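Report on the following structure.
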Amino acid sequence: MNTRIFRPQEAEEAAAVLRNGGLLAFPTETVYGLGADGLNEGAVRRIFAAKGRPQDNPLILHIPDAGALPQYCAHIPAAAYALARRFWPGPLTMILPRRPLVPDVVTAGLDTVGMRCPGHPAALALLRYAGVPVAAPSANTSGRPSPTAAAHVLEDMDGRIEGIMDGGACAVGVESTIVDLTVSPPRLLRPGGVTLEELRETLGEVEADPAVFRLMGEGEQPRAPGMKYRHYAPRAPVTVLRGAPAAAARYIRRHLAAGDGVICFNEFVPLFEGWPTEPIGPAGDPAEQARRVFDALRYFDGTETARIWAMCPDPDGIGLAVSNRLNKAAGFHVITVDGEGEA
Ligand code: AMP
Ligand code: MG
């Protein structure tokens, strides 16, 4: 199959791919999505095949505005509209009870569905022209770091899908925040561009799912099937360093061996001269780190790097999403150092 590249101005033509049951990767403000008509079961099945995604991992339905919610959701609490007013279009997915017309293949058989209205103008134009809810996970091969540029999508999907809309680099860089509104109190399932602190401002009490902070145990039943799988992982094993940045950097410097690579805050690049180094932004700028983190992880797959050391921000604000992605890429292999840089 020849994968056609669309420009953002070609939203109407690109939407025809979706209406005809094809697969189209498209830019959002978070990461690139791999879209199909969410009411067309055969088209949605092709997403799983193209990504090599486990069947029990549900997809998110993308809609152009909150007015479309009642078409797909059986019950919409006031909290959903309050969140939509403040954060949509934007990097927030709400888990709501589904209507029967949403196919099982989208929800992995759950009686809930993830709903999102993305903030990227090209994505919104596409959704309006498509006239159908667009089921989309991230447009990477399952398990790999998510794509934040069209070139990343091409790496994974060239020849496997009908089209890619190239909308440039993603502004947020990590996937949407997912909040489950079918439980009380509402529960954060995945941290993202909308922070836990912001959710609490609108909703009051919000619980963070334990899977946000640690690996699920063998016998544990995850609330969202996506929490169960190894994620965002480059080929080389990753070790994450927590603690004061200077101390973490010293620890990495002391343990660096031939063949290692480093993901670090910009200030520490000179410390690692001679080693493959991917800076992800200043230590005090977690929003920039969010934009850079997946590109940094992906970079090492094109190299012979044997081990990756990664500096990690504190889990506050969008730093929670960055640290969650790094921890998952590391399989939660995290070392915490003290002020002296000792583990
Ligand atoms: P991705 O496929 O990388 O875009 O991520 C989609 C995420 O949304 C996965 O982690 C899913 O587990 C989660 N998700 C989608 N639908 C639901 C749902 N109904 N309940 C819980 N999580 C969901
Ligand atoms: Mg994904």
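Ligands are counted one by one from 1 in listed order, and the atoms in each one are counted from 1 as well. All of these numbers come straight from a predicted model, not from anything done at the bench.
With a 4.5 Å cut-off on side-chain heavy atoms, Ser146 and Asn140 count as touching. Side-chain contact between Val337 and Glu342 is absent, with no heavy atoms from C-beta onward closer than 4.5 Å. A heavy-atom distance below 4.5 Å is not found between the side chains of Phe300 and Arg307. Using a 4.5 Å heavy-atom cutoff, the side chains of Trp275 and Arg253 are in contact. Between Thr336 and Tyr251, every side-chain heavy-atom pair lies at or beyond the 4.5 Å cut-off. Side-chain contact check for Arg98 versus Thr112: every heavy-atom pair is 4.5 Å or farther apart.
Every atom of ligand 1 with a heavy atom of Pro137 under 4.0 Å away is listed here by number and element: 1 (P), 2 (O), 4 (O). Atoms of ligand 1 lying under 4.0 Å from at least one heavy atom of Val113, given by number and element, are 19 (N). For ligand 1, the atoms sitting less than 4.0 Å from at least one non-hydrogen atom of Leu59 are 15 (C), 16 (N), numbered in the order shown with element in parentheses. Those atoms of ligand 1 that come under 4.0 Å of a heavy atom in Thr112, given as number and element, are 18 (C), 19 (N), 20 (N). Annotation for ligand 1: atoms under 4.0 Å from non-hydrogen atoms of Asn57 are 9 (C), 11 (C), 12 (O).
In Leu110, the part holding a heavy atom less than 4.0 Å from any atom of ligand 1 is the side chain. Contacts between Ile178 and ligand 1 below 4.0 angstrom, taking non-hydrogen atoms only, involve the side chain exclusively. Contacts between Asp180 and ligand 1 below 4.0 angstrom, taking non-hydrogen atoms only, are absent altogether.
Metal site remark for the Mg ion (ligand 2): Ser138 contributes an N, O or S atom at a distance under 2.8 Å.
Residue contacts with ligand 1 leave out Arg98, since none of its heavy atoms falls under 4.0 Å from the ligand. Residue Arg190 places a heavy atom under 4.0 Å from ligand 1.
Among Ser142, Pro58, Ala108, the residue whose heavy atom lies nearest to atom 11 (C) of ligand 1 is Pro58.
Backbone and side-chain nitrogen or oxygen atoms of Arg53 are examined, and one is located within less than 3.5 angstrom of a nitrogen or oxygen of ligand 1.
The aromatic rings of Tyr232 and Phe294 sit tilted, their planes meeting at an angle between 30° and 60°.
Taking CZ of Phe265 as the reference point, atom CZ of Arg292 lies at 13.0 Å (rounded to 0.5 Å).
Under 4.0 Å is where a charged nitrogen must lie from a carboxylate oxygen, and between Asp166 and Arg7 no such pair does.
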